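Working notes for the structure below.
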Amino acid sequence: MDDSEELWHKNYGAIIIGFTLKKQFMKKHFSFLSMLCLTCWITACNNAGSNKDSVEKADSANEKKADSSTKTMAVDEETSDFMVKAADGGMTEVELGKVAREKAKDKRVKDFGEMMVTDHSKANDELKGLAAQKNVTIPAAVGEDHRKHIDDLSKKSGADFDKAYMKMMVDDHKDVIDKFEKDSSSGKDPDVKAWAAKTLPTLRKHLAAAKSINSKL
């Protein structure tokens with residue numbers, strides 16, 4: 001073998017070795033990138049689930065209970081939906097009442113906020129016990145829609161806060177009373193119906209007070 005052939009063989013060998021090393025490098029890093037993408041995808045899916053708000057989580061849990069072959073939930077879906085909305089609304093009233101207690105200018109508004117905290121905390125505790133008894137999942141925290149209302153109202157102060165809060169209380173209690181009247185008359189679960197009927201007089205008292213205060217601001 002002359003010098004030119006020997007040089008050609010050396011260069012060819014170096015090319016083959018270089019190609020093999022490059023292939024191994026690409027295979028190793030491709031596997032790493034594939035695992036990284038898979039990890040990111042799994043994390044994103046988990047975060048999507050964890051970012052679901054408390055009301056949606058409760059609704060999803062109750063749907064699964066209602067659809068399961070064992071029917072582990074002791075009420076119908078319409079009743080569980082009412083309970084979820086009542087829990088979300090009740091917690092909202094408590095949080096708004098706490099804000100009013102701190103930020104309201106008018107003493108009547110402060111006192112109204114205090115009444116909301118006391119009365120709705122009591123109703124919320126009763127509902128929690130009923131939900132546990134019926135195996136209904138209710139929200140652990142205020143839902144995103146109501147949270148936005150709380151945050152927006154918290155930015156106000158003085159007379160502006162008083163007017164906005166009391167108007168909200170009138171509107172909210174009208175809506176809540178409609179829902180409670182419907183369940184107390186046509187709900188399918190006797191215990192939930194009884195709780196709704198028992199709570200209605202307190203809600204009507206709140207609405208009357210809210211209208212009176214609102215008209216004087």
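Please read these numbers as outputs of a predicted model, since none were measured by experiment. Numbering starts at 1 and runs along the sequence shown.
Using a 4.0 Å cut-off between charged side-chain N and carboxylate O, K85 and D81 make a salt bridge. Ion pairing of R147 with D53 is absent here, as no side-chain N (NZ or NE/NH1/NH2) approaches a carboxylate O to less than 4.0 Å. Using a 4.0 Å cut-off between a side-chain N of Lys or Arg and a carboxylate O of Asp or Glu, D175 and K179 qualify as a salt bridge. Between E144 and K148, no side-chain nitrogen of the basic residue sits less than 4.0 Å from a carboxylate oxygen of the acidic one, so the salt-bridge criterion is not met. We find that K174 and D178 are not joined by a salt bridge, their nearest charged nitrogen and carboxylate oxygen being 4.0 Å or further apart.
The hydrophobic clustering, which links ILVMFWY residues whose side-chain heavy atoms are closer than 4.5 Å, places L217 and L96 together. A continuous path of Ile, Leu, Val, Met, Phe, Trp and Tyr side chains, each step under 4.5 Å between heavy atoms, connects I150 with M91, placing both in one hydrophobic cluster. V94 and L203 end up in different hydrophobic clusters when Ile, Leu, Val, Met, Phe, Trp and Tyr side chains are linked at under 4.5 Å.
The shortest non-hydrogen separation linking K103 to K155 is NZ-C, 4.1 Å. The two residues R108 and I213 come nearest to each other via the heavy atoms O-CD1, 3.7 Å. Listed here is the closest heavy atom pair of W195 and A123: CZ2-O, 3.6 Å. Heavy atoms only, all atoms of each residue included: V109 and Y165 are closest at CG1-CD2, 3.6 Å. The minimum heavy-atom distance between G113 and A100, with the atom names listed, is CA-CB, 4.1 Å.
The CG atom of D172 sits 10.5 Å away from atom CG of L207, with the distance rounded to the nearest 0.5 Å. Rounding to the nearest 0.5 Å gives a distance of 15.0 Å between CZ of F180 and NZ of K193. One finds the CE atom of M168 at 9.5 Å from the OG1 atom of T92 (value rounded to the nearest 0.5 Å). Interatomic distance, CE of M83 versus OG1 of T79, reported as 8.0 Å (0.5 Å rounding). Taken to the nearest 0.5 Å, the CG atom of L127 stands 4.5 Å off from the CD1 atom of I138.
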>> As a quick check of understanding, evaluate salt bridge (charged side-chain N to carboxylate O under 4.0 Å, His left out) for D106 and K216, giving each step before the final call.
In response: CA-CA 11 Å; D106 193 299; K216 294 180 176 71; over 6 Å; no

>> T118 vs K122, test: side-chain hydrogen bond (donor to acceptor under 3.5 Å, both in side chains). Steps then yes/no.
In response: CA-CA 6 Å; T118 301; K122 180 175 180 290; over 6 Å; no

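Contact annotation: the side chain of V192 never approaches that of V136 to less than 4.5 Å [non-hydrogen atoms, C-beta and beyond]. E181 has its side chain within reach of L200: a pair of non-hydrogen atoms, C-beta onward, lies under 4.5 Å apart. Residues E95 and H149 fail the side-chain proximity criterion, which asks for heavy atoms closer than 4.5 Å. For the pair H146/V55, no side-chain contact is recorded, criterion being any heavy-atom separation below 4.5 Å from C-beta on. Looking at Q133 and L130, their side chains come closer than 4.5 Å, going by heavy atoms from C-beta outward.
Heavy-atom contacts from other residues, nucleotides or ligands closer than 6.0 Å to CD of E78 number 12 or fewer. Around atom NZ of K163, no more than 12 heavy atoms belonging to other residues, nucleotides or ligands sit under 6.0 Å away.
If you check the side chains of K64 and S60, you find no donor sitting under 3.5 Å from an acceptor.
Between the side chain of S54 and the backbone N or O of A141 there is at least one donor-acceptor pair closer than 3.5 Å. Between the side chain of D88 and the main chain of V84, no donor-acceptor pair closer than 3.5 Å is present. No side-chain donor-acceptor contact under 3.5 Å links T137 to the backbone of N62. No side-chain donor-acceptor contact under 3.5 Å links S186 to the backbone of D183. Checked by atom type and distance alone, the side chain of S212 never pairs as donor or acceptor with a backbone atom of A209 at under 3.5 Å. Checked by atom type and distance alone, the side chain of K110 pairs as donor or acceptor with a backbone atom of A104 at under 3.5 Å.
Aromatic ring pairs are classed by plane angle as parallel below 30°, tilted from 30° to 60° and perpendicular above 60°; the pair H173 and F112 is perpendicular.
Looking at residues two or more places apart in sequence or on another chain, you find a side-chain hydrogen bond (donor to acceptor under 3.5 Å, both in side chains) between K134 and D189, D191.
The residue from M169, E93, K211, M116 that alone fulfils the side chain to side chain contact (heavy atoms under 4.5 Å, CB included) condition with H206 is M116.
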